[in-house]
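One is the number of the first residue; the rest follow in order along the sequence. Atoms considered below: every heavy atom in the structure, side chains included; atoms not considered: hydrogens, waters and symmetry mates.
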Amino acid sequence: MPEPNMNFRKGAKVWVEDKHLAWVPAEITDCRGKQVQVQIGSGKTVLALPEKLFPRDADEEEEHGGVDDMTKLTYLNEPGVLYNLQRRYALNDIYTYTGSILIAVNPFTKLPHLYNVHMMEQYKGAPFGELSPHVFAVADVSYRAMMNEGRSQSILVSGESGAGKTETTKLIMQYLTFVGGRAAGDDRTVEQQVLESNPLLEAFGNARTVRNDNSSRFGKFVEIQFDANGRISGAAVRTYLLERSRVVQITDPERNYHCFYQLCASGKDAEKYKLGHPSHFHYLNQSKTYDLEGVSNAEEYMKTRRAMDIVGISHEEQEAIFRTLAAILHLGNVEFSPGREHDSSVVKDQKSTFHMQMAADLFRCDVNLLLATLYTRTIQTREGSIVKALDCNAAVASRDALAKTVYARLLVDKINISVGQDPNSHVQIGVLDIYGFECFKHNSFEQFCINFANEKLQQHFNEHVFKMEQDEYKKEEINWSYIEFIDNQDVLDLIEKVTYQTDSFLDKNRDYVVVEHCNLLASSKCPFVAGLFPSPPEESSRSSYKFSSVATRFKQQLQALMETLNSTEPHYIRCVKPNSSNRPQKFENLSILHQLRCGGVLEAVRISLAGYPTRRTYSEFVDRFGLLAPEFMDTSYDEKRLTEKILQKLNLQNFQLGRTKVFLRAGQIGVLDSRRAEVLDMAAKRIQHRLRTFIAHRKFISARVAAIALQAYCRGCLARKMFASRREAAAAVCLQKYVRRWLLRHAYLKLISAAVCIQSNIRGFSTRQKFLHGKRHRAASVIQAHWRLCRFRSAFHNYKKSIIALQCRWRQKLAKRELRRLKQEANEAGALRLAKSKLEKQLEDLTWRLHLEKRMRVSNEDAKSVEISKLQKAFESLKLELDAAKLATISEYNKNAVLQNQLELSRKEKSALEKEFTMIAEMRKENASLKSSLDTLEKKNSALELELKKALKDANDTVEKLQELEQKNSELQNNMQSLEEKLSHLEDENHVLRQKALAPSPKSNRSNFLKSFSDESPTPSKLIVPFSHSMSESRRPKLTAERQQENYEFLSRCIKENLGFHNGKPLAACIIYKCLHHWHSFESERTAIFDYIIEGINDVLKVGAENETLPYWLSNTSALLCLLQKNLRSNGFLSAGTQRSGGNTGLPGRVSYGLKSPFKYLGFEDGMSHIDARYPAILFKQQLTACVEKIFGLIRDNIKKELSPLLALCIQVPKNARMLAGKSRSPGGLPQQSPSSQWDSIIKFLNNLMDRLRENHVPSFFIRKLITQVFSFINMSLFNRRECCSFSNGEYVKSGLAELEKWIGNATEEFAGTSWHELNYIRQAVGFLVIHQKRKKSLDEISNDLCPVLTIRQIYRISTMYWDDKYGTQSVVAEMREMLNKDSQYLASNSFLLDDDLSIPFSTEDIDIAIPAIDPSDIELPAILLEYSCAQFLTQNQK
């Protein structure tokens, strides 16, 4: 739809084509030869041909709501139409005019404010175009035209599936019943019947398709008939091309017609008709979609029944309709199987017989006749009738034909009869809800007919638009010539005349009715069913088939429709589907543009462009373009004459002046706009020039006025300042005179008063000093005595505690050393053999000790009960003494109070007696005696308090002794249990060692290995016979020495060489496991190959570089252990007994199940031979576990050795950093220096460690455990160092901990685990060090809020060692220290240092659970191992 070429200038607004958005706005930036350069909204620059561009009006873009009529667009082109619809759709303005055509865009949401009664009142009688575009406006225009002109009208609603045609049709009928109904007195008015026919037709004619949940599968033309007064008097419904094949055949995810699903969900009615879920019926379960989103089938069924009531269908007829639907569903479940005769068929089974009986009962006909009509046909000849049997396929086709025939005749005729037609009506309004163009992946005969009907309607639409265009020209009385437009008559002729030889077309075009079916149902006892099939004419009774053509019938219906439309005044509504996902506020440009082209909207625009597409009223034209000819604006010309003058001045041709409008050819409005833009540009430049001149002049005037005012103000300020200075000098001289006099007088008076005060104070001070000197002398003597006692006692206790701590540390060191030695001995297989004799002796010793412990336990319990009874009696006596002491103390307190009262009375008497000089000496004596008595009372009181404290202390000591006795009792019980467990373990271990003695001990030389390897037993699947027979007959032939030597050399090469990894799997472990499994080593009763592997691994660990060898073998040994564990478990050997004690690395903890009877190893017990043959494999599993733990411990110890010197450098802040930190922060500020290179070296060390472990594919389980213990070591090392207890070092360590936290976050939880929690001690200690105002913190706040993990003893140590090297503040006040010291005395342990964790934090079961399963089958054998013949089976497995 191109417009004539026009000259585009630089800066012009245009539309450019885009493959994603169809059209995008752009601006011309340059012209390059035959092409122009444009810049689109995203900033991208492209080249385009001028004929590919369309002009765009920038003023229309400011109107964000768009225009309500496309003919009002300045440039009526394809992109202008598209983007006008988009702007209006964004504001929920879904209706737009294109002349008299209404375009409706489906909003996919409810807009109730557009369709209420108030809105219908607004559009009732309003002129077309006065209000906003609306479907009510089109309906009102058709109604007013019918009433004014007396001519029938038609409203054509078209669009693709899902565009909203059905809803638009409902709204039109709703408005027509509003303006032409509600006149009759009957409750069931005609307009109500018309409205309720819509949901009824939807239930029986709509279905779910791929594009729409409520797609009309037929075209309908509703004729609403009116009387002379404009009231609705009748209605009729015509349908076109009902999709009958959908009744018997659907595809997923589509559905059959809604009425079937509503009937299945009807509850009691469904039970009455023997119906159930739709998945039970063949006509419905071909698709798995049974329900629609947001729709209830049961509720829709009730709405359908109410619609039938309103339409006028009686309850008997309703029951007959739904009974017929149920019969169709049962008929679809009837299946056929071949009969006894050739090409015959019978009912398949009992289920099909049941459905056949139900269908006959619901049709109210004979079941035998129904069967006969389905699988036989009767042919009438001259000689008589011939009965032909049908095969299974023909019987199914006959069944489906009956179902389609019954459904097609079911409802429409009944609705027409119920609503009723008015034969006296002369005018009517027809509403056509027709299907739009359909193009699917597989198009059928129905799509052919649908598209043919749309072509017919498109031709009618083009002719109508062309006619409206001509009427517009005639109305304006302009000269015009014939306008050419695309006529699709040739396409219609081609579709009508050509015969297609396609099989599917012929099958679907063939619409035959079986006469036997009609005769059968015509004889039904149900009047409704019999009425659907009237008696056929006599000439058709000779054949069983009554053929007709679907295309012929559809063509006749369509021709009748076109005749009806030609006899009416048409009105067009084009429905548009904005997107394919049925979502609101989503506008797909390409899809909508395609619909506009197919719907004829753009064709109407093209027809307008072929004539005079741009038309403006004279007033609008003069208002917009009058500035192009200002010399004519002040004259007395009328608007038409002014328009002509303007066009003549611009030398424009091909325009027409009508009666009220000016008509322009396509492109001429662009020329006018470009000239108008040039005039506006020149005017803007001239205005800007004048405005800049005015602003500069005004600025100069204001600056000059401001300068004059500023000068005058400055001169006034200087004069006032000089006068003020002179006046202040004179006032100052006067003030000085009076001030000097006042100061001298004030100083004299002050001196006199000070001399008097000093004299009085000196006299009083000397008197008080004499009194205080005596008092202090006495108090000092008491304090010195107590202090000396406390100092010597504290020194003794500290000395005693230090000696005990030193002894504990030494014993701990010896115990750890012994523990390491025992672990090393336990990890070696030779230690087990050496310990055999020792364990046997220890077993007897432990048995004797157990009996002794039992006897001692009985005697201790008796002694304990006697001692407890004694202590309870002593406690009761002490309690009584304590009560007596309390009573004595209370009495003394009372006496003391009496004496104090007497003292107060004596003081009062003393003040009274001081007036009498004669009684002074006697009162002094009495006062001295009272003082002496008071001193004695105070001494007695203090003595009683000491006795009370002593009694309380004795009581507490007694309670502690009782608690210690209870603890000793529980410890003895625990010792007894541990001894019993050790005894059982020793028994099991002794038993295992005895069985091990049956096999020869492994030697280091190669010959012993070969000898033991040659004694391996066959597979354990064979039953073990008695010992003497099995040793001679059941063993496999021995392998040759050369073969065995090659096997050992192959394993040695696998261990010594670094084979690397394949897809994260360690090759050495996988190859060793596959070889052992292939050689049946796991099933041998005696073998030394496992010891050879363990010794080889130990040798490699001693020789190789630790940083590279240890991670490599940790990955390989753990993988080999998991594979061995999987093998043992798959054969059912590992059970709950062996897994329960997997955390212990010793032999008794690893082999504790199934080893009770030594006869099991010799084959004397049936069914247990597998356990006997697995002993070397179990021992190999224990050795591998010990090897994994050993490697893990070596890696951990090496890390700690390398990390210790780095941590020593990170404890104290460097001097230069300390100086910079002191200068760059205040007491309330934060450090500004980042951690130094010492912490960076630790981070670098951790990164290298992580890279090394991950390069060797160490499982994340081991990495997580290793990193956790490393951070625990960092926590212990930093916390135990005294140098950290300063403010600067605390800040330095805190910054380093932040770097460690960042590293943990980068390492992720998979590898770091809970490492950050291991730093809780040092984190809380450092946090306590760097806080300010520690003296204001209470013990409760420190222990609960700041340092909840630290003990009281550790907090006390930090507080006493803390020193502030930056601000000189103190740690805690003396009272806090005394409280901490007091609490620390009652602790069970005085240790405040943290211990290093040297344990192995995992067990065999933990390894098996944490490490994922390894499949060794897909590995590739390295090239260095291909030379060994014993490994050829590995290469064969690869092939």
Side-chain angles (χ1 to χ4, degrees), residues 11 58 62 64 627 630 677 679-765 1213 1215-1234 1286-1288 1290-1292 1294-1295 1330-1337 1364-1371 1373:
E62 298 177 358
H64 300 288
L627 54 89
V679 173
L680 291 176
D681 290 343
M682 294 299 297
K685 293 177 181 178
R686 195 174 294 111
I687 292 171
Q688 290 173 357
H689 171 71
R690 293 293 184 183
L691 181 60
R692 292 191 187 99
T693 303
F694 171 75
I695 291 174
H697 183 265
R698 186 175 63 180
K699 186 177 182 181
F700 169 74
I701 297 298
S702 62
R704 186 176 64 181
V705 172
I708 295 172
L710 184 60
Q711 292 173 359
Y713 178 74
C714 290
R715 294 189 185 99
C717 287
L718 291 174
R720 285 190 293 272
K721 187 175 183 181
M722 185 181 297
F723 172 75
S725 63
R726 292 177 180 177
R727 186 174 61 180
E728 289 174 356
V733 173
C734 183
L735 285 173
Q736 288 173 4
K737 179 181 65 174
Y738 287 104
V739 167
R740 290 190 188 99
R741 186 181 69 177
W742 181 83
L743 288 174
L744 291 173
R745 180 177 177 80
H746 182 70
Y748 174 72
L749 294 175
K750 188 175 182 181
L751 183 60
I752 293 175
S753 62
V756 174
C757 182
I758 289 170
Q759 291 172 0
S760 62
N761 285 330
I762 288 173
R763 295 186 186 100
F765 177 74
V1213 62
K1215 292 183 179 181
N1216 55 353
R1218 189 179 304 170
M1219 294 173 62
L1220 292 174
K1223 294 178 181 180
S1224 62
R1225 59 168 293 169
S1226 60
L1230 294 175
Q1232 299 178 358
Q1233 297 294 330
S1234 62
S1286 68
F1287 192 90
S1288 299
E1291 285 186 330
Y1292 187 64
K1294 185 177 181 181
S1295 63
V1330 298
I1331 64 171
H1332 297 282
Q1333 299 179 350
K1334 298 180 181 62
R1335 301 183 63 187
K1336 296 183 179 180
K1337 300 294 182 180
D1364 192 346
D1365 57 343
K1366 186 173 291 188
Y1367 307 116
T1369 60
Q1370 298 181 4
S1371 174
V1373 296

Under the side-chain contact (heavy atoms from CB on, under 4.5 Å) test, which residues partner Tyr738, sequence neighbours left out? Cys734, Arg741
Euclidean distance, Gln688 CD relative to Ile695 CD1, rounded to 0.5 Å: 10.5 Å
What distance separates Phe723 CZ from Arg720 CZ, expressed to the nearest 0.5 Å? 12.0 Å
Listed pairs under 3.5 Å, donor-acceptor, residues 749-758 side chains, sequence neighbours left out:
residue, atom, partner, partner atom, Å
Ser753, OG, Leu749, O, 3.4
Ser753, OG, Lys750, O, 2.9

Separation between CD (Gln759) and CD1 (Ile762), nearest 0.5 Å, reads 7.5 Å
Under the ring pair (Phe, Tyr, Trp, His ring centres under 6.0 Å) test, which residues partner His697, sequence neighbours left out? none
Approximate separation, where rounding is to 0.5 Å, of Arg686 CZ and Asp681 CG: 11.5 Å
By side-chain contact (heavy atoms from CB on, under 4.5 Å), which residues pair with Leu627, not counting sequence neighbours? Arg676, Val679, Leu680
Quick one: list whatever passes side-chain contact (heavy atoms from CB on, under 4.5 Å) with Arg715, sequence neighbours left out. Gln711
Interatomic distance, CG@Asn761 vs CZ@Arg763, rounded to 0.5 Å, equals 10.5 Å
Residues in side-chain contact (heavy atoms from CB on, under 4.5 Å) contact with Phe694, at least two apart in sequence or another chain: Arg698
